[in-house]
Amino acid sequence: MDRRTAIRNISLGLGGVASTPVLLSLLASSTANAATWKAESFSVELQHIVTRLVDVILPGSSIPGALDVNVPQFIDKLYGHLFSEIDQRYFSDGAVVFAGKFEQVFKHPAMDGGREEFQQLLKGYFDLTEREQDRIFAQQDKNLADIEADDKDIYVIYKFLLSVRENTLFGYFTSERVGKEVLNYDPIPETYDGCVPLADIGNAWT
Amino acid sequence: MTSTKVDPNTVYDAIVIGTGISGGWAAKELCEHGLKTLVLERGPMVKHIVDYPTATQERWDLEFRGRNTPEVAARQEKQARTGYVTSPFSKHWFVDDIKHPYSETKRFDWIRGYHVGGRSLTWGRQSYRWGDVDFEANKNDGHGVDWPIRYQDIAPWYDKVEEFIGVSGEKLGLPQLPDGKFCPPMELNCVEKELQKTLANEFDDRVLTIGRVANITGADIRPGRMPCKFRNRCSRGCPYGAYFSSNSSTLPAAEATGKMTMRVNSVAREIVYDETKGIATGVRVIDAESKEDFFFKAKIIFCCASTMPTTSILMQSMSKRFPNGLGNDSGELGHNIMDHHFQIGAAGIFDGHHDRYYKGRRPNGIYIPRFRNLDEKTRQKNFVRGYGYQGGASRTNWTRAIREMSFGEGLKRDLIKPGPWRMGLTGFGEMLPYHDNQITLRYDKLDEWGLPTIDFDVEYKENEREMRKDMQAQAIVMLSTAGFKDVQGYDRGCYPGLGIHEMGTARMGRDPETSVLNENNQLHAVPNVYVTDGSCMTSAACQNPSLTYMAITARAASHAAAQLGKRSRVSSVSETSSISVTNTDGEKAHG
């Protein structure tokens with residue numbers, strides 16, 4: 001897929017830029033706990049991990065990112081009220097295994113992890129060939145009971161990461177600010193025109 | 001609309017049970033013919049506009065942006081089989097499955113709305129006439145019994161209904177999908193036009209047209225209703241009254257006559273039969289809230305409670321003369337259940353028109369009318385009857401990236417742009433009437449009003465299964481021929497009920513020994529009881545049925561009014577283009 005390739009290139013590009021001293025200092029200043037809000041359901045650690053991942057998945061720029069529209073708060077709320085018990089368990093178990101991996105790789109707790117570290121780790125899990133991705137998605141479609149013992153950690157890590165990713169997209173694209181300021185909001189269109197130049201519209205409709 | 005106290009000593013000219021698509025039409029027609037009419041609704045009042053709580057909400061106005069908590073979802077597990085009606089934007093229009101239980105010897109997806117307006121608030125609004133190929137089908141291939149009416153019997157009533165409700169669409173001149181009185185058609189988008197062109201050039205038996213939909217377009221407005229604003233929020237209730245519902249249209253028209261009395265929270269329990277007179281004398285009702293019993297009297301009764309409830313009420317109406325349910329001399333009551341079968345077709349990506357988009361949210365899709373088994377040339381070896389396709393093209397949105405692992409600034413910038421054009425075709429196929437597809441009443445499992453609950457024993461059979469193969473194959477052929485890429489056929493499986501077109505349990509027919517209703521929708525043996533909702537249907541055709549229910553109801557109401565000796569206030573069908581009603585009070589024409 002074209003977009004996948006393009007995204008991989010962008011990720012690599014950012015990796016290069018991130019080694020400049022200026023960015024490193026920025027990152028250093030942001031390695032502190034990312035929380036400025038009190039979670040309803042998440043532990044402090046889970047809140048930190050989810051916040052970092054959400055920021056990596058849809059970062060801010062001249063276009064608002066997921067943190068700008070309070071996506072971590074939204075996922076905390078979904079986790080507490082909307083997830084089934086089994087989904088809650090996958091999510092929290094997956095986060096624990098993921099945090100263990102983090103500590104193994106970076107030699108310090110995920111709680112102290114900065115954005116760059118989370119990006120690097122997420123890239124390890126998400127920057128796969130299409131074939132590898134298909135294998136993971138096929139595994140995700142199964143029940144935990146049908147997963148080989150050796151694969152269980154990987155299974156729950158992806159349950160967690162893919163849930164964070166999907167709910168980041170969901171929370172971002174259904175937020176009022178993105179709906180009204182980023183996408184094209186037209187609550188009362190009045191007419192339907194079936195074929196107009198995209199250039200006249202711009203971004204996708206809300 | 002208001003709900004009022006009803007005096008049990010009053011003898012009404014007519015009682016209408018139900019306020020949905022059929023009940024609204026019965027109420028309007030009977031009232032406009034000057035009949036003093038009591039309209040019963042089992043659920044609560046829903047007033048046009050003021051009772052549409054979600055009509056202008058956006059996702060971000062809802063705590064979970066349109067998803068349900070597990071606790072909320074648990075109340076509507078069966079309604080949720082549709083995959084769409086239990087969205088927080090429309091879930092209040094569908095029943096609580098725990099409060100309204102039923103059982104399934106075989107799976108049946110029974111999707112219900114118990115409130116004023118019924119499912120007319122949430123219907124798909126696709127409005128297609130049936131042709132003689134449909135009314136003659138049973139006679140010609142021997143399935144079921146012959147319809148006692150033909151297209152010419154109902155054509156003027158289709159005219160009347162379309163002119164009142166407003167149907168936007170395009171004339172095609174096809175005998176299997178007769179043209180109607182249309183408001184201007186909605187526009188096809190660029191990719192739909194590509195497929196339309198391909199069908200015109202490469203196939204000699206198929207056409208693609210814009211859906212015929214009960215949304216007003218153009219300058220042709222109706223009282224209290226405005227043209228479609230292209231918000232595509234119809235199923236929440238439209239504050240502009242742009243689509244047809246009982247709430248926006250027929251019930252206000254009925255109320256305007258001053259002849260209608262409506263009582264909500266009124267669960268019809270049985271129709272009372274007077275053996276000495278040989279007619280029904282009224283309806284026993286349970287107040288849904290107080291559980292009190294009432295008996296309301298009337299000269300004629302219209303059953304419009306929707307297919308299954310109407311049939312249940314008739315089955316519950318047992319007497320010495322009718323031990324198996326009112327008017328059930330034939331034993332066909334509760335049998336011959338039909339729906340449509342769908343959830344099958346194909347979809348593909350159109351690699352072109354990248355620089356094109358659309359403006360507005362069109363509450364409508366495309367339609368490909370039936371092209372199988374219309375004549376010798378189109379005769380199929382493996383199945384009888386036919387199917388049509390609904391569908392449409394659009395550019396994908398952010399959800400296209402859900403099953404991916406992409407992330408970062410590039411993903412965000414990509415997803416705020418429209419994605420590739422995707423077009424899907426879903427077949428809607430005819431289901432045959434089978435005697436053994438039936439409901440029974442369970443007196444061992446009562447609901448909270450002490451009434452028996454329904455058990456469903458309904459299935460698709462060989463003809464439907466064979467037809468489905470062709471439905472998928474032809475969808476693939478058409479999209480592939482038009483140059484779509486990644487064309488994938490699909491079959492999501494389908495259980496009866498999911499089409500929300502359940503029908504056939506009190507069929508019309510020529511012979512009282514094999515049918516429940518005559519050509520005017522009267523019970524053969526109880527002429528002052530009319531049944532005009534989906535239960536009256538003798539075959540299912542492949543078109544969406546609501547327009548036909550409305551036309552049949554209007555026709556039957558006119559018959560009932562004439563029988564009652566009231567002079568019609570709308571003097572004849574040929575003048576139905578005028579929906580205003582003259583103010584001459586009804587008087588008895590023939591004593």
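A quick note: this is a predicted structure, and the numbers were derived from the prediction, not measured. By convention in this document, chain letters (A, B, ...) are assigned in the order of the sequence lines, proteins followed by strands, and residues within each chain are numbered from 1.
For chain B, the nearby parts of Val56(A) are the backbone and the side chain; heavy atoms of each come within less than 4.5 Å. For Asp87(A), no part sits under 4.5 Å from any heavy atom of chain B, backbone or side chain. Contact of Leu162(A) with chain B is made through the side chain alone, with heavy-atom distances under 4.5 Å. Heavy atoms closer than 4.5 Å to chain B are found in both the backbone and the side chain of Leu169(A). Interface residue Ile188(A): backbone and side-chain heavy atoms are both found under 4.5 Å from chain B. For Ile416(B), the parts sitting under 4.5 Å from any heavy atom of chain A are the backbone and the side chain alike.
Residues that satisfy the side-chain contact (heavy atoms from CB on, under 4.5 Å) test with Ser394(B), not counting sequence neighbours, are Tyr358(B).
Here Asp486(B) does not pair with Arg422(B) in a salt bridge; the nearest charged N to carboxylate O distance is not below 4.0 Å. The pair Asp93(A)-Lys152(A) fails the salt-bridge criterion, with no side-chain N (NZ, NE, NH1 or NH2) lying under 4.0 Å from an Asp/Glu carboxylate O. For Asp186(A) and Lys359(B), the salt-bridge test passes: some basic side-chain N is under 4.0 Å from an acidic carboxylate O.
Using a 4.5 Å heavy-atom cutoff, the side chains of Phe182(B) and Arg212(B) are in contact.
By number of non-hydrogen pairs under 4.5 angstrom with chain B, the leading residue of Tyr172(A), Tyr185(A), Phe126(A) is Phe126(A). Across Arg361(B), Arg233(B), Glu192(B), the residue that shares the most heavy-atom pairs under 4.5 angstrom with chain A is Arg361(B). Contacts with chain B were tallied for Asp200(A), Thr168(A), Asp141(A); Asp141(A) has the most, counting heavy-atom pairs under 4.5 Å. With respect to chain A, the highest number of heavy-atom pairs below 4.5 Å among Lys229(B), Met186(B), Arg231(B), Lys417(B) belongs to Lys229(B).
Scanning residues 61-77 of chain A against chain B with a 4.5 Å heavy-atom cutoff picks out Ser61(A), Ser62(A), Ile63(A), Pro64(A), Gly65(A), Phe74(A), Lys77(A), ordered by number. Below 4.5 Å, heavy atoms of chain A meet heavy atoms from Glu58(B), Arg59(B), Trp60(B), Glu63(B), Phe64(B), Arg65(B), Arg67(B), Asn68(B), Thr69(B), Pro70(B), Glu71(B), all part of residues 54-73 of chain B.
Remark: the backbone N or O of Trp37(A) is paired with a side-chain donor or acceptor of Gln47(A) at under 3.5 angstrom. Of the possible donor and acceptor atoms, one in the side chain of His48(A) sits under 3.5 Å from a partner among the backbone N and O of Gly113(A). Between the Tyr155(A) side chain and the Lys142(A) main chain, a donor and an acceptor come within less than 3.5 Å of each other. At least one donor-acceptor pair closer than 3.5 Å links the side chain of Arg362(B) to the backbone N or O of Glu187(B). Looking at Gln88(A), its side chain does come within 3.5 Å of a backbone N or O of Tyr79(A) through a donor-acceptor pair.
Residue pairs meeting the salt bridge (Lys or Arg N to Asp or Glu O under 4.0 Å) criterion with at least one member in residues 170-182 of chain A, sequence neighbours excluded, are Glu176(A)-Lys180(A), Arg177(A)-Glu181(A).
Using cut-offs of 30° and 60° for the angle between ring planes, the Phe91(A) and Phe160(A) rings count as perpendicular.
Between the CZ atom in Phe106(A) and the NZ atom in Lys101(A) there is a gap of 12.0 Å [rounded to 0.5 Å].
Partner of His353(B) under the side chain to side chain donor-acceptor pair (under 3.5 Å) criterion, out of Lys193(B), Glu194(B), Arg395(B): Glu194(B) alone.
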